[in-house]
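Right, one structure below, let's go through it.
Residue numbers start at 1 and run along the sequence shown. Only heavy atoms go into these numbers, but all of them, side chains included; no hydrogens, no water, no symmetry mates. Model, not experiment: these values are computed from the prediction.
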Amino acid sequence: MTIALAGALAGTLAGSLSRPRRVPGSVVGAAVLLLVSLAPVSAQVLPRATVAHVLRRITFGPTPALLARIQTQADLDGYVNAQLAAPPTGYGGVADVLITSPGFLGEGAGLVYGPGLAFSLADLQNKELVLALESPYQLRELLCWFWEQHFSTYYHQVRAAAQNFEAQLPAGMTAAEAAVFQEWRENQTYRALAFADFRDLMQACVDSPAMRYYLNLVFSGCRAANEDFGREFLELHTMGPQRHGNPATPNYTTADIQVISEVFRGLDVDPATGLPGFSQAGGTLCHYGIGWLPQKTLFAGPAQAHVVDWSWTTTSPPSTGDIQAEIASLLDNLVAQTETKLFISTRLIRFFVGDADPIDPGLLSACVNAWGARGDIDAVLRVIFASPEFVSASSWERLENPIEATISQARLFGAGFATAAGTPNVANKTELVDRLSAIRAVVDAAGALPHEHPAPDGYPLASQRQVGSGVFWNHGSYAWRIYADWATGGASDNLAYAPVPVVQAELARLNWSWDDPLLVSTATLVMLYDRRFSTADRDLGEAFLNRPTVWDASTSATEKERRLRLMLAFLLTLPQALEK
């Protein structure tokens with residue numbers, strides 16, 4: 001796949017740094033039109049801003065090593081194709097060592113459902129942070145996070161629901177252990193299906209024990225059907241409530257929710273095994289969907305938007321095969337609905353391109369055309385990644401969620417776990433857990449830890465939880481730790497940021513001087529924000545470096561690190577720190 005870059009403008013500072021003195025000449029100038037060289041497209045060296053922009057969108061943030069490795073169009077195409085071809089299982093590289101080391105994060109050789117699960121909610125969250133930070137399969141991890149938010153569950157409610165069945169759990173197993181196991185099981189499922197057909201993701205959602213606990217399917221049984229799952233499955237997971245572009249037209253009615261809830265009635269979790277199952281009473285399956293009416297028809301209400309009605313007829317009593325066939329028929333219909341194609345494609349575009357309205361109708365139409373019979377997510381992603389909207393280096397149109405913002409900064413400034421040999425020191429587990437706990441605390445301060453959003457619609461991007469004053473306050477406190485923890489510890493902070501070598505390497509690449517505070521401030525800002533900063537931002541950064549005395553060749557290395565960390569703590573509090 002070739003990412004179409006024709007017409008995209010490579011960002012330079014384009015006069016925003018103009019100043020009477022020491023203006024970095026290689027940064028000031030007109031924007032450069034891409035693909036104008038006589039060299040073959042694949043061999044053209046891409047502007048760093050373009051590479052960084054694409055990597056920000058398909059990873060949890062570029063690392064210096066990744067930016068250095070990707071120079072040409074062929075390099076970038078190869079990386080994107082490799083990301084799309086990520087295996088469904090396995091963690092890769094340092095992440096594999098960290099996740100599977102016996103005794104670290106509670107997994108070891110594998111997880112077994114049962115008592116004594118040495119694996120807490122904090123361990124589960126740490127696992128996901130490790131994978132976001134260290135996995136070489138960055139796009140897979142980003143999509144896993146996306147699907148976790150799309151098919152959102154809430155650990156604390158899963159645990160509360162499991163408490164109702166605690167007497168049926170394996171002897172000695174607690175509801176908390178069952179809940180964390182089911183949340184990790186679900187997370188692993190969405191990781192494995194990250195690029196799969198949406199039809200498979202829908203089935204995984206229906207079959208998820210965590211979801212069955214969370215949206216109360218386990219409480220339907222032989223009683224009246226609980227409508228929580230049926231409602232959210234239509235509203236949040238598949239079609240959305242209103243017709244795309246016409247909110248006055250509903251996609252379904254209350255009667256449709258009731259019918260779907262009958263279809264899903266009786267889906268249960270076997271507490272003894274932790275596996276999805278079916279409710280029974282007196283040896284009879286508690287499923288009244290089949291045969292409940294001579295014919296059940298969906299999406300036939302007045303003014304509803306749909307492709308084709310769905311109906312199912314059979315006789316009672318049903319078998320498990322009948323129930324599975326009925327659900328499969330329903331899911332087949334839902335994945336083929338135009339409104340489902342539009343709803344999911346829109347969410348993917350907003351995630352990878354931007355939040356701005358309106359979404360380009362041509363891009364949305366191309367995604368719908370790529371959908372196919374089962375919702376080919378890989379094909380839809382390839383359409384998005386090849387679009388001008390995706391590669392436009394001038395587009396910073398989406399807020400980063402706190403996990404993305406935190407991990408992207410950590411990846412940029414070397415806060416990973418790899419040693420020079422490329423492997424972590426797993427023997428020093430206390431240090432590794434402390435570092436993960438420090439990162440997790442940052443995300444926690446923003447109220448966005450995995451599996452802890454109480455509403456079933458996942459963490460919203462544009463909300464007070466994400467962009468309110470409290471978030472910026474917490475983000476500022478976190479940024480301050482990059483300096484304060486290092487200063488009090490005397491060597492390295494427990495967030496393990498290493499900004500000095502990263503900034504020095506960037507200065508060397510640009511052939512700029514480490515002894516010039518204006519250039520140091522500029523280089524750091526460009527690494528963080530490309531062109532999205534003002535001369536005032538740059539000058540304030542320089543001011544941090546020049547206190548209490550002028551930063552020059554006579555300033556000691558220790559003093560330069562102190563000032564650089566102070567400056568970085570300030571720069572990370574700028575509003576654009578939460579944009580991508």
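- Salt bridge Asp123/Lys127: absent, no basic N to carboxylate O contact under 4.0 Å.
- Residues Trp486 and Arg562 come closest through the heavy atom pair CZ3-CA, 3.7 Å.
- With hydrogens and angles disregarded, no donor-acceptor distance shorter than 3.5 Å links the side chain of Ser521 to the backbone of Pro517.
- Interatomic distance, Leu381 CG to Leu139 CG, rounded to the nearest 0.5 Å: 6.5 Å.
- A donor-acceptor pair shorter than 3.5 Å can be found between the side chains of Thr153 and Glu186.
- The line from CG of Leu564 to OG1 of Thr524 is 5.5 Å long, rounded to the nearest 0.5 Å.
- Aromatic ring pairs are classed by plane angle as parallel below 30°, tilted from 30° to 60° and perpendicular above 60°; the pair Phe198 and His150 is perpendicular.
- Classification of Asp515 and Lys560 as a salt-bridged pair holds, one side-chain N sitting under 4.0 Å from a carboxylate O.
- Of the possible donor and acceptor atoms, one in the side chain of Arg411 sits under 3.5 Å from a partner among the backbone N and O of Gly61.
- The minimum heavy-atom distance linking Leu507 with Ala523 is given by the pair CD2-CB, 3.8 Å.
- Centroid-to-centroid, the aromatic rings of Phe343 and His244 stay 6.0 Å apart or farther.
- With hydrogens and angles left out, the side-chain atoms of Glu339 and Gln242 include no donor and acceptor closer than 3.5 Å.
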- Query: Going through the checks in order, is the salt bridge (Lys or Arg N to Asp or Glu O under 4.0 Å) test met by Asp530 and Arg48?
  - Reply: CA-CA 9 Å; Asp530 286 345; Arg48 176 63 66 95; over 6 Å; no
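- The two residues Phe570 and Asp537 make their nearest non-hydrogen contact at CE2-O, 4.3 Å.
- The line from CG of Asn369 to NZ of Lys341 is 8.5 Å long, rounded to the nearest 0.5 Å.
- Residues Val383 and Ala366 come closest through the heavy atom pair CG1-CB, 3.6 Å.
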Could you go through the side chain to side chain contact (heavy atoms under 4.5 Å, CB included) check for Arg140 and Gln83 one step at a time? CA-CA 7 Å; Arg140 189 187 70 181; Gln83 290 296 301; over 6 Å; no
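- Within the 4.5 Å cutoff, side-chain heavy atoms of Asn187 are placed close to those of Cys144.
- Between the side chains of Gln73 and Asp77, at least one donor-acceptor pair of N or O atoms lies under 3.5 Å.
- Checking Arg191 against Gln188 by side-chain atom types alone, a donor-acceptor pair falls below 3.5 Å.
- Between atom CG of residue Leu201 and atom OG of residue Ser208 there is a gap of 12.0 Å, rounded to the nearest 0.5 Å.
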- [ ] Using the side chain to side chain contact (heavy atoms under 4.5 Å, CB included) rule, take Thr72 and Leu76 through it: C-alpha gap first, then chi angles, then the decisive distance, then the call.
- [x] CA-CA 6 Å; Thr72 67; Leu76 187 57; over 6 Å; no
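- With respect to Arg199 and Asp376, no salt bridge is recorded, no charged nitrogen being found less than 4.0 Å from a carboxylate O.
- If you look at Phe146 and Tyr190, their ring centroids are not closer than 6.0 Å.
- Side chains of Phe544 and Leu568 form no contact here, defined as non-hydrogen atoms less than 4.5 Å apart.
- Ring geometry for His453 against Tyr459 counts as tilted: the plane angle lies between 30° and 60°, on a 0 to 90° scale.
- Taking OG1 of Thr522 as the reference point, atom CG of Leu510 lies at 10.0 Å (rounded to 0.5 Å).
- Contact of the Arg56 side chain with the Ser408 side chain is not registered, since no non-hydrogen atoms from C-beta on lie closer than 4.5 Å.
- At least one side-chain heavy atom of Cys205 sits less than 4.5 Å from a side-chain heavy atom of Phe151.
- With hydrogens and angles disregarded, a donor-acceptor distance shorter than 3.5 Å links the side chain of Trp371 to the backbone of Val335.
- With contacts defined as side-chain heavy-atom distances shorter than 4.5 Å, the pair Trp514/Val500 qualifies.
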* To do: Begin with the C-alpha distance, continue with both residues' side-chain angles, and end with the deciding distance and a verdict on side chain to side chain contact (heavy atoms under 4.5 Å, CB included) for Leu574 and Leu525.
  => CA-CA 10 Å; Leu574 297 177; Leu525 279 162; 4.2 Å; yes
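- For Asp207 and Gln203, the side-chain atoms include at least one donor-acceptor pair closer than 3.5 Å.
- Of all heavy-atom pairs between Leu334 and Thr340, the closest is O-OG1, 2.8 Å.
- The shortest non-hydrogen separation linking Leu363 to Ser387 is CD1-CB, 3.7 Å.
- Side-chain contact check for Asn401 and Glu404: at least one donor-acceptor pair (N or O, by modelled atom type) lies under 3.5 Å.
- In this structure, the separation between CD on Glu452 and CD on Glu183 is 9.5 Å, given to the nearest 0.5 Å.
- Side chains of Asn126 and Arg440: a donor-acceptor N/O pair is present below 3.5 angstrom, by distance only.
- By the neighbour-count criterion of 12 heavy atoms within 6.0 Å, atom CG of Asn246 is densely surrounded, having more than that number from other residues, nucleotides or ligands.
- With a 4.5 Å cut-off on side-chain heavy atoms, Leu412 and Gln409 do not count as touching.
- With respect to the salt-bridge test (charged N to carboxylate O, under 4.0 angstrom), the residues Glu542 and Arg538 do not qualify.
- Panel note: side chain Tyr91, backbone Pro136; no donor-acceptor pair is recorded below 3.5 Å.
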If you apply the rule ring-ring contact (aromatic ring centres under 6.0 Å, His included), what do you find for Phe352 with Phe385, and how did you get there?
CA-CA 8 Å; Phe352 284 105; Phe385 294 165; 5.4 Å; yes
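- Between Leu129 and Leu133, every side-chain heavy-atom pair lies at or beyond the 4.5 Å cut-off.
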request  = Show the numbers, then the answer: is there a side chain to side chain contact (heavy atoms under 4.5 Å, CB included) between Phe60 and Ile403?
outcome  = CA-CA 9 Å; Phe60 276 96; Ile403 283 185; 3.8 Å; yes
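- Counting heavy atoms from C-beta on, the side chains of Phe390 and Arg57 come closer than 4.5 Å.
- Panel note: side chain Gln138, backbone Ala132; a donor-acceptor pair is recorded below 3.5 Å.
- Side-chain contact annotation: Glu128 with His451, donor-acceptor N/O pair under 3.5 Å present.
- In this structure, the side chain of Ser365 does not engage the main chain of Pro361 through any donor-acceptor pair within 3.5 Å.
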